[in-house]
Amino acid sequence: QVQLVESGGGLVQAGGSLRLSCAGTGRNFTYYALGWIRQPPGQEREFVAAISRQSSTTLYRDSVKGRFTISRDNARNKMYLQMNNLKPEDTAVYSCAVYSGGLYDAGITIPDEYDSWGPGTLVTVSS
């Protein structure tokens with residue numbers, strides 16, 4: 001079982017950058033694809049990005065393509081989300097989570113298909 005904890009959130013002005021980190025415990029970290037899921041205030045959770053076990057494949061929601069970059073370091077049991085050119089609509093609680101299937105599965109963009117959620121880190125983007 002993998003346990004995840006996020007860090008790196010905060011308050012930033014529109015156009016700024018943040019780098020989120022996700023630290024995993026447990027020997028099975030490299031067994032899973034990983035993803036970032038966010039929940040904007042008063043809204044449902046939504047998929048942000050996912051990365052395959054060995055980083056060969058990544059996937060992004062359309063609204064963050066070209067601005068966000070997902071990466072992972074399996075040697076350190078870490079995953080990252082570099083967020084550039086942030087917009088007020090990116091304001092949300094960001095969580096990392098485990099996905100048991102592959103990045104070409106139909107469920108990869110469905111938040112409820114993820115497991116082992118971290119507690120989340122709040123990102124607030126001011127206009």
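What's counted below: heavy atoms across the whole structure, side chains too, no hydrogens, waters or symmetry copies.
Using a 4.5 Å cut-off between side-chain heavy atoms of Ile, Leu, Val, Met, Phe, Trp and Tyr, with links allowed through other members, V5 and V48 fall into different hydrophobic clusters. Tracing side-chain contacts under 4.5 Å through hydrophobic residues (I, L, V, M, F, W, Y), one never reaches L59 starting from L81; they form parts of separate clusters. Linking Ile, Leu, Val, Met, Phe, Trp and Tyr residues whenever their side-chain heavy atoms come within less than 4.5 Å places V64 and L34 in a single cluster. Under the 4.5 Å side-chain contact rule for hydrophobic residues, I108 and I110 do not share a cluster.
Smallest separation of non-hydrogen atoms from Y60 and A49: CD2-CB, 3.6 Å. Across every non-hydrogen atom of S127 and A14, the tightest pair is CA-CB, 4.3 Å. Closest approach of G120 to S95, counting heavy atoms only: CA-OG, 3.5 Å. The shortest non-hydrogen separation linking A33 to G101 is CB-O, 3.9 Å. Nearest heavy-atom pair, S100 versus R53, reported as atom, atom and distance to 0.1 Å: O-NH2, 3.8 Å.
Considering only heavy atoms from C-beta on, T109 stays 4.5 Å or farther from E46 through its side chain. Residues I70 and Y80 are not in side-chain contact: their nearest non-hydrogen atoms beyond the backbone lie 4.5 Å or more apart. Proximity of Y114 to C96: side-chain heavy atoms (C-beta onward) are nowhere separated by under 4.5 Å. Contact annotation: the side chain of I37 approaches that of F47 to within less than 4.5 Å [non-hydrogen atoms, C-beta and beyond]. At a threshold of 4.5 Å between non-hydrogen side-chain atoms, the residues L20 and W36 count as touching.
Atom CZ in R72 sits 12.0 Å away from atom OG1 in T58 (nearest 0.5 Å). Put simply, CG on L4 and OG on S116 are 6.0 Å apart, with the number rounded to the nearest 0.5 Å. Distance check, rounded to the nearest 0.5 Å: CE of M79 to CD1 of I51 gives 8.0 Å. Taken to the nearest 0.5 Å, the OH atom of Y94 stands 15.0 Å off from the OG atom of S7. Note that the OG atom of S56 and the CG atom of L103 stand 8.0 Å from one another [nearest 0.5 Å]. Summarising the geometry, atom CE belonging to M83 is positioned 11.5 Å from atom CZ belonging to R19; distances are rounded to the nearest 0.5 Å.
Note on residues 82-107: pairs passing salt bridge (charged side-chain N to carboxylate O under 4.0 Å, His left out), not counting sequence neighbours, are R38-D90, R67-D90.
By the 6.0 Å contact criterion, CD on Q3 is open, its count of non-hydrogen atoms from other residues, nucleotides or ligands being 12 or less. Summarising the local packing, CD of Q43 is surrounded by more than 12 heavy atoms from other residues, nucleotides or ligands at distances under 6.0 Å.
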Could you please spell out the steps behind the side chain to side chain contact (heavy atoms under 4.5 Å, CB included) verdict for E113 and Y99? CA-CA 7 Å; E113 296 294 316; Y99 185 76; 3.8 Å; yes

Mind running side chain to side chain contact (heavy atoms under 4.5 Å, CB included) on Y31 and V98 for me, showing each step along the way? CA-CA 10 Å; Y31 290 4; V98 166; over 6 Å; no

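When the options L11, L86, V93 are evaluated for a side chain to side chain contact (heavy atoms under 4.5 Å, CB included) with T124, the one that passes is L11.
Inspection of the N84 and S17 side chains reveals an N or O donor paired with an N or O acceptor under 3.5 Å.
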